[in-house]
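Just so we're on the same page: letters track the sequence lines, and every chain starts at 1.
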Amino acid sequence: MKSYREELVFNIPSRMDFVNITDRIQGAVRKSSIKEGLCLVNAMHITASVFINDDEAGLHQDYKRWLDELAPHEPVSRYLHNRTFENNGDAHLKRQVMGREVVVAVTDGKLDFGPWEQIFYGEFDGRRKKRVLIKIIGT
Amino acid sequence: MKSYREELVFNIPSRMDFVNITDRIQGAVRKSSIKEGLCLVNAMHITASVFINDDEAGLHQDYKRWLDELAPHEPVSRYLHNRTFENNGDAHLKRQVMGREVVVAVTDGKLDFGPWEQIFYGEFDGRRKKRVLIKIIGT
Amino acid sequence: MKSYREELVFNIPSRMDFVNITDRIQGAVRKSSIKEGLCLVNAMHITASVFINDDEAGLHQDYKRWLDELAPHEPVSRYLHNRTFENNGDAHLKRQVMGREVVVAVTDGKLDFGPWEQIFYGEFDGRRKKRVLIKIIGT
């Protein structure tokens with residue numbers, strides 16, 4: 001069994017945004033030289049997500065509005081968590097809806113994807129450095 | 001390390017429904033002849049889910065009503081995504097709540113499950129052909 | 001490839017609560033003697049979660065209030081599922097928001113975590129015995 005590890009680094013200029021990282025994950029699979037296995041991709045921070053969905057700008061706007069309805073950023077006093085030095089209580093909730101991680105099959109040296117699957121980094125408390133972990137195991 | 005891959009195909013006659021696929025996943029584990037490992041089961045489409053919960057008809061109705069409250073199908077103009085040729089904006093949101101995938105332990109050649117765990121395919125934009133991927137790795 | 005399996009048992013005295021299980025998962029990784037691989041941690045029951053987030057008491061209160069807003073416990077007649085002998089319909093919905101499982105990379109014999117990642121058992125229908133499964137595979 002082989003294993004491969006890589007980190008991606010982000011510094012998103014807005015509070016909330018989504019970045020397509022599919023090519024970078026596919027690049028990691030290539031570098032791993034693993035042909036059959038599983039690829040874990042997870043946010044290393046607890047106010048961010050990694051998720052799989054469509055690369056369509058309207059949908060991403062829909063996600064942002066919907067997440068702000070489910071877990072509004074303001075008033076920041078709404079969240080007990082914000083009584084610490086933080087104001088990102090909403091980001092911890094949004095991240096649970098969108099998920100921390102994805103696990104993707106690796107088949108014949110490639111991400112084994114359906115026709116529209118794309119991997120996104122989801123940021124809910126940006127303007128600071130964050131990391132994503134890629135871990136691939138297989139043969 | 002061994003690996004095994006199989007696809008399941010669905011064409012659900014309604015917009016939203018849930019199908020118990022536990023026996024088919026257990027069948028794949030048997031065919032794989034893997035005794036100890038991990039089994040990934042994921043929707044290959046971005047308006048569908050694979051999730052684990054109870055096989056109880058009332059609960060499934062509860063899920064449908066709740067998901068329609070969290071992300072209503074209508075008015076379809078509610079979603080910017082529907083300004084493309086689609087009308088399935090809600091399905092992309094519902095799928096995030098229910099999740100894309102499950103990872104299940106394989107122990108002694110079987111799905112290593114608690115007493116009530118059952119695997120479901122969750123469709124949120126049916127009446128078209130969709131696929132589910134099973135990937136098992138282990139020894 | 002090596003594999004390791006362990007169960008944790010919980011009996012939470014309240015209906016809803018969160019328990020930090022990070023040290024117990026790290027202990028399992030140590031006992032497995034696996035250095036590079038993947039660690040699956042999942043609730044074996046369908047009204048409970050395993051999730052990764054912050055160990056901050058205010059945030060946990062925020063999660064509880066938010067989950068009770070998204071899926072109220074009462075009136076219990078709200079859920080068709082409660083027409084069976086159960087009154088835990090809400091717990092099945094809350095668990096989908098928070099997720100069933102996490103998959104964590106194992107690197108150099110340790111959980112490969114960002115600075116604030118902690119693993120929690122999330123109970124939504126307590127006062128009964130429940131189990132969590134740990135399955136680790138790797139080399």
Side-chain angles (χ1 to χ4, degrees), chain A residues 1-3 18 22 34-42 49-67 69-71 93-120 122 135-139, chain B residues 1-7 9 32 37-51 69-72 76-86 88-104 124-125 128-139:
Chain A
M1 199 204 80
K2 289 189 282 195
S3 75
F18 309 128
T22 314
I34 288 170
K35 298 301 180 199
E36 301 293 325
L38 294 178
C39 174
L40 167 70
V41 189
N42 69 267
S49 285
V50 171
F51 66 94
I52 287 174
N53 217 294
D54 200 359
D55 197 353
E56 199 278 301
L59 176 65
H60 292 191
Q61 286 302 112
D62 292 332
Y63 276 137
K64 288 175 189 174
R65 196 189 58 190
W66 179 62
L67 291 166
E69 285 167 10
L70 292 179
L93 279 56
K94 289 173 167 117
R95 120 70 170 255
Q96 289 307 123
V97 175
M98 297 303 278
R100 168 187 177 260
E101 79 218 10
V102 296
V103 178
V104 183
V106 174
T107 300
D108 203 18
K110 288 183 187 141
L111 296 170
D112 195 337
F113 265 163
W116 299 100
E117 289 189 282
Q118 298 283 308
I119 310 178
F120 291 89
K135 184 90 181 190
I136 311 168
I137 70 169
T139 50
Chain B
M1 201 204 80
K2 289 189 284 196
S3 74
Y4 178 85
R5 181 192 193 279
E6 186 176 327
E7 284 183 16
V9 179
S32 77
L38 294 178
C39 175
L40 167 71
V41 189
N42 69 267
M44 300 183 77
H45 298 259
I46 53 191
T47 52
S49 285
V50 170
F51 66 93
E69 285 167 9
L70 291 179
V76 295
S77 62
R78 178 188 171 96
Y79 301 101
L80 293 174
H81 183 57
N82 292 338
R83 295 189 187 174
T84 65
F85 59 93
E86 299 285 4
N88 62 7
D90 64 305
H92 290 273
L93 279 55
K94 289 173 167 119
R95 120 72 171 257
Q96 290 306 124
V97 176
M98 298 302 277
R100 167 188 179 259
E101 78 218 10
V102 296
V103 178
V104 184
F124 307 112
D125 183 33
R128 49 175 100 180
K129 196 179 135 193
K130 301 268 188 88
R131 290 177 292 152
V132 160
L133 177 62
I134 309 166
K135 184 90 182 190
I136 311 167
I137 71 170
T139 52

* To do: Check whether any side-chain heavy atom of A:L38 lies under 4.5 Å from a side-chain heavy atom of B:L40, and answer yes or no.
  => yes
* Sort B:L133 into side chain, backbone, both or neither according to what part of it lies under 4.5 angstrom from a heavy atom of chain A. => side chain
* B:R131 versus chain A, the contacting section by heavy-atom distance below 4.5 Å -> side chain
* Asked: By ring-ring contact (aromatic ring centres under 6.0 Å, His included), which residues pair with A:F18, not counting sequence neighbours?
  -> A:F51, A:H60
* **Which atoms of B:T84 approach chain A - backbone, side chain, both or neither, heavy atom under 4.5 Å** => side chain
* Structure fact -> Applying a strict 4.5 Å limit to non-hydrogen atoms, the region of B:L70 in contact with chain A is both
* Select one option (side chain, backbone, both, neither) describing which atoms of B:R95 are under 4.5 Å from chain A's heavy atoms. => side chain
* To do: Nearest 0.5 Å please: distance from the CD1 atom of B:I136 over to the CD atom of A:E36.
  => 12.5 Å
* Between A:V103 and B:R100, what is the shortest heavy-atom contact and its length? -> O-NH1, 3.0 Å
* Asked: Of the listed residues (A:M98, A:Q118, A:E69), which shares the most heavy-atom pairs with chain B below a 4.5 Å separation?
  -> A:M98
* Asked: Can you tell me if B:K135 uses its side chain to pair, donor with acceptor, with the backbone of A:V106 under 3.5 Å?
  -> yes
* **Close side-chain approach of B:R83 to A:E56, heavy-atom, < 4.5 Å** => no
* State, yes or no, whether a side-chain contact exists between A:T139 and B:K2 at a heavy-atom distance under 4.5 Å. => no
* Against chain A, label B:E101 side chain, backbone, both or neither, depending on which of its atoms sit under 4.5 Å from a heavy atom there. => side chain
* To do: Could you pull out all residues at least two apart from B:H92 that satisfy ring-ring contact (aromatic ring centres under 6.0 Å, His included)?
  => B:H81
* To do: Give the C-alpha distance, both sets of side-chain angles, the deciding distance and a yes or no for side chain to side chain contact (heavy atoms under 4.5 Å, CB included) between B:Q96 and A:Y63.
  => CA-CA 10 Å; B:Q96 290 306 124; A:Y63 276 137; 3.5 Å; yes
* Are the side chain of B:R5 and the backbone N or O of A:D112 linked by a donor-acceptor pair below 3.5 Å? -> no
* Could you walk me through whether A:L59 and B:L93 pass the side chain to side chain contact (heavy atoms under 4.5 Å, CB included) test, one step at a time? => CA-CA 9 Å; A:L59 176 65; B:L93 279 55; 4.2 Å; yes
* Asked: Any side-chain heavy atom of A:P115 sitting closer than 4.5 Å to one from B:H45?
  -> yes
* A:W66 portion near chain B, given a 4.5 angstrom heavy-atom threshold -> side chain
* Taking the side chain as every heavy atom from C-beta outward, state whether B:M1 and A:I137 have any pair of such atoms under 4.5 Å apart. => no
